[in-house]
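In what follows, a structure is listed as structure tokens, so that the remarks can point back to it.
All chains are named by letter (A, B, ...) in the order of the sequence lines, taking the proteins before the strands, and each is independently numbered beginning at 1. Only this structure's heavy atoms are used, side chains among them; waters, hydrogens and symmetry mates stay out.
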Protein chains: 2
Amino acid sequence: MENIPVRFESIFSADCIIFGFDEGELKILLIERNEEPFKEWFALPGNVVYQSESIDEAAERILYELTGLKGIYMEQFYTFGEVNRHPKGRVITVAYFAMIRLNGQKELKPITNYAKKAVWVSVKDLPKLAFDHSEIFKKGFEKIKNKISYQPIAFELLPEKFTLTQLQNLYEVILNKKLDKRNFRKKMLAYDILKELDEKQKGVSYRAAKLYKFDKRKYSKYFHNELSFGKE
Amino acid sequence: MENIPVRFESIFSADCIIFGFDEGELKILLIERNEEPFKEWFALPGNVVYQSESIDEAAERILYELTGLKGIYMEQFYTFGEVNRHPKGRVITVAYFAMIRLNGQKELKPITNYAKKAVWVSVKDLPKLAFDHSEIFKKGFEKIKNKISYQPIAFELLPEKFTLTQLQNLYEVILNKKLDKRNFRKKMLAYDILKELDEKQKGVSYRAAKLYKFDKRKYSKYFHNELSFGKE
DNA sequence: AATATACGGTGTATTTTTTACACTAAGTGA
DNA sequence: TCACTTAGTGTAAAAAATACACCGTATATT
């Protein structure tokens, strides 16, 4: 790579799978395209990587433009470079996933001009997506399914204070299987990465559960130990 | 990404970490650069991705030009896109690792014109590499360390017929730790992905060991079960 | 006040997996 | 035949994963 003998006209871009957890469902943020090709199709949010920014910065910018959020956990997971993945030219795209806290406030005003609107769609009933985005989604979803089993990324999707039942539900939704309540709690608490708060859930019409926080400090301390959640 | 509003002059390339196992050491194939920048430095083999080929194809081509080998196990692991990673312009590179069987025949005549020569260097004493290639190597090495623990990729580095001791040595070298012989064999054989041959090792000045083959058919059968080698 | 409802919260026994550990067997070369 | 070197083997203990069911407590209803 390191010589620049020939310059081709190629574009690179970053696409983002933005995960959110809401009403017990795992959702992603899709845009409805305003332009050909694939006009009126749903697509993953994405954009060209500018000359002056790294790919990571491009991904952050895309997320920011769409959601107004910064400092979100994002991770690059794969680069898609088939010759004909874009009908209008050679486009290589680097795919990221992000996880954001919805907290109920799902209103989003997309700034990008090529999108009609942005919507949260449950991963259980995604439509066919533009370009090869269905394939990109599939690979990214596999990645996070795998990753939550050994890294504490699930917390990024929950409110800062959450109950163990909420956490378990999230694992169950992502892994698409039931987990045993007692074993889940035993294991999760044994990792000692949660901080039990003096607070309880509010506004529920039954016994309120204790709230917990993810304790980053404790986690970093044992960072080298891989975790293993949801492996029953 | 999906509109092409502006065209930037950017290059994308593929770089390869080519692993080989030889004389009890894990090695990678480096080229010595013939041109500025980083003239006479060692670098990972890499090249521009042509307009007419996918990134995977580019990686295969790079490997082929350097080694004459085709059909080798390769995997994309990360894309590096910092703005200033190449002093002469914006170059984004998609990194792959490959694993090849050395079988003693280490002679290689590099075809690429920008390399003086290609050499096998033990991962234990790599020099500083050109560009951000040291960082790329580090990430790729982490990846395979991790990956051999749950996928049978180590076999790609061994001759087709190998002894259990050779296999264990390879694991030990990659993971950089001693494994218990009995536990290693027990576990490995329990996975039932090896085929015991009627043949024995030859040319050794001690009791010859049984030879085994990796049995792809058996492995595919249980493909969904992740393995877990080297986890003592 | 009594009762119904719904989720919160807890422990133990069993099975499976992982780990630790050391000697005899077989082939080669002198 | 003897010395040397690696091949090949089993068991016990510890740790981790799994399966499993009931009472507690806050709220809502009458």
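Look at CG on B:D180: it is 15 Å from P on D:dG8, rounded to the nearest Å. Between the CG atom of B:L179 and the P atom of C:dC21 there is a distance of 15 Å, rounded to whole Å. At whole-Å resolution of the value, NZ in B:K187 and P in C:dT16 are 17 Å apart. What separates CG of B:L197 from P of D:dA7 is a distance of 16 Å, to the nearest Å.
Side-chain contact check for B:L126 versus B:L30: some heavy-atom pair is nearer than 4.5 Å.
Here the side chain of B:Y73 pairs no donor or acceptor atom with the backbone of B:I153 at under 3.5 angstrom. With hydrogens and angles disregarded, a donor-acceptor distance shorter than 3.5 Å links the side chain of B:T93 to the backbone of B:S13.
Salt bridge A:K124/A:E25: present, at least one basic N to carboxylate O contact under 4.0 Å.
Among the nucleotides C:dA26, D:dT18, C:dC21, the one closest to the side chain of A:K186 is D:dT18. Out of D:dC20, C:dG8, C:dG27, the shortest distance to the side chain of B:Y206 is found at C:dG27.
For B:R185, a side-chain nitrogen or oxygen approaches OP1 or OP2 of D:dG8 to under 4.0 Å.
Proximity of residues 160-170 of chain B to DNA chain D (heavy atom under 4.0 angstrom from any strand atom) is restricted to B:T165.
For the pair A:K145 and A:F141, the cation-pi criterion (under 6.0 Å, within 45° of the ring axis) is fulfilled.
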